[in-house]
There are 2 protein chains.
Amino acid sequence: MGRKREFDVDQALDAAVCVFWRKGYEGVSYSDLTQAMGVERPALYSAFGNKEALFRRALARYYERYLDFIPAALDLPTSREVVAHILRRAAELHTRYPDHRGCLGINGALACSDDAEPIRLALIDARAEGEASLRDRFERAKQEGDLPETANCTALAAFVMAVTHGMAVQAKAGFSRDMLEAVAEQALSTWPTGNSTLSRSHPEP
Amino acid sequence: MGRKREFDVDQALDAAVCVFWRKGYEGVSYSDLTQAMGVERPALYSAFGNKEALFRRALARYYERYLDFIPAALDLPTSREVVAHILRRAAELHTRYPDHRGCLGINGALACSDDAEPIRLALIDARAEGEASLRDRFERAKQEGDLPETANCTALAAFVMAVTHGMAVQAKAGFSRDMLEAVAEQALSTWPTGNSTLSRSHPEP
DNA sequence: CAATTAACGTAACGATCGTTATGATACTCG
DNA sequence: CGAGTATCATAACGATCGTTACGTTAATTG
């Protein structure tokens with residue numbers, strides 16, 4: 001019972017994602033949020049709780065709506081294809097929207113005040129989760145002969161994520177999609193190959 | 001004439017560098033600054049101007065005190081040595097100080113409010129300058145036969161900077177120096193070689 | 001149709017932001 | 001020594017931060 005909500009929560013959340021994506025957690029004020037979401041402050045608090053809770057909701061939505069290509073990439077047959085897909089899709093995503101470039105997982109909070117430290121740590125955790133799943137995928141690749149026995153899967157996953165993060169920084173600085181894709185190709189050119197037929201059965205063009 | 005300054009400007013500036021390095025431009029308040037620099041607010045204004053001017057001074061000092069290895073690296077004989085030196089020194093610098101990890105050039109302002117936009121652009125310019133000097137160095141390497149004729153020097157420079165920025169993000173997230181060095185080595189393993197004797201006359205161990 | 005309930009907009013909360021009067025203090029120069 | 005000046009610490013400025021009373025409006029329930 002009671003009055004029914006006059007705005008769509010999901011739609012408002014999408015708007016919040018865009019604002020945080022552009023300005024980061026601390027760079028966003030409630031004035032920014034109310035303007036972008038078309039919702040007055042008290043409605044935000046009743047629907048999402050405080051700013052921190054709203055950001056966490058926005059981050060979760062970002063991962064499921066924009067970073068869904070990462071779990072999808074993990075299903076590709078070779079580690080090289082996994083990496084190629086992640087790097088290329090990241091280059092595209094980071095330059096897709098001219099008014100909020102880069103990655104929310106990086107833009108959200110890199111260095112911040114003590115007040116925002118919980119958000120910074122939450123972003124670190126989120127990134128670490130993706131990196132861990134990538135490492136696990138590389139371990140599987142090693143077992144399959146797709147990566148050499150000597151491969152350091154932890155380091156390889158960290159390398160791929162480092163390039164992705166670096167591209168996000170450059171995207172926020174205005175780098176073109178083409179330039180980021182050139183960076184991605186350079187990163188790919190280092191990729192080790194195993195000795196099974198797996199990696200040769202899916203040649204890159 | 002008049003009263004003489006009771007604090008050392010350079011020393012205070014070094015303290016400001018550390019604070020901005022840790023919390024970024026917007027994450028730092030004047031309370032943080034006065035506490036870290038041991039100087040009251042009006043003295044900061046009279047010595048440095050406002051917060052934006054202070055940050056620009058701190059950024060300049062950061063480049064000359066901590067990023068001096070970049071111009072030094074450009075003088076090394078081969079492009080591979082240049083890149084190796086930059087990546088390894090970056091990995092070290094980004095993990096050197098436990099209480100302000102990463103890079104001021106990234107931590108300073110990645111995504112921010114509209115008020116801090118001038119600082120964000122200044123950081124972009126500063127990074128672009130280093131990237132351009134790296135590209136120019138690679139062009140020279142190409143002329144010397146140290147890089148193949150087909151090498152895309154702009155993309156190579158962007159790649160090296162992307163890895164550096166990615167390592168900075170990871171350093172701020174708590175990654176160890178060893179892990180960052182493994183990332184650097186992986187990046188190095190992609191490095192193209194020319195066909196002159198130059199690159200072979202300085203083999204890596 | 002009342003009674004109840006929840007979301008609405010307005011407007012204000014205390015705290016902190018970056019910035020600056022203001023008067024006291026310490027130094028230089030005539 | 002005394003006039004002048006620059007730096008000092010205290011304290012306050014208006015603006016904005018994230019957050020929330022409060023009275024009104026619209027929907028549901030008996």
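Per chain, numbering begins at 1; letters A, B, ... match sequence-line order.
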Which nucleotides of nucleotides 12-24 of chain C have their base under 4.0 Å from a protein heavy atom (B), which only their sugar-phosphate (S), and which neither (-), written as one string 5' to 3'? -----SBBBB---

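Here D:dC8 presents its C1' atom at 16 Å from CE of B:M37, a figure rounded to the nearest Å. One atom, NZ of A:K4, and another, P of C:dA6, lie 15 Å apart when rounded to the nearest Å.
An end-to-end axis angle of 10° holds for the helix from C:dC1-D:dG30 to C:dT28-D:dA3, taken from five base pairs per end and rounded to 10°.
Distance CE/B:M161 to CG/B:L87: 10.0 Å, rounded to 0.5 Å. Atoms OH and SG, on B:Y62 and B:C103 in that order, are 3.5 Å from each other to the nearest 0.5 Å.
Salt bridge annotation for B:R135-B:E131: absent, with no cationic side-chain nitrogen under 4.0 angstrom from a carboxylate oxygen. Using a 4.0 Å cut-off between charged side-chain N and carboxylate O, B:R96 and B:E92 make a salt bridge.
Residues B:I86 and B:V82 are in side-chain contact: their nearest non-hydrogen atoms beyond the backbone lie under 4.5 Å apart.
Relative orientation of the A:Y97 and A:W21 rings is perpendicular, given thresholds of 30° and 60° on the angle between their planes.
For the pairing with B:D32, the salt bridge (charged side-chain N to carboxylate O under 4.0 Å, His left out) check across B:R41, B:R22, B:K23 returns one residue only, B:K23.
Taking the ring centre of B:Y25 as origin, the terminal cationic atom of B:K51 falls inside the region bounded by 6.0 Å and 45° from the ring axis.
Nucleotides of DNA chain D nearest to B:E40 and B:G2 differ in position, and the one nearer the 5' end is that of B:G2.
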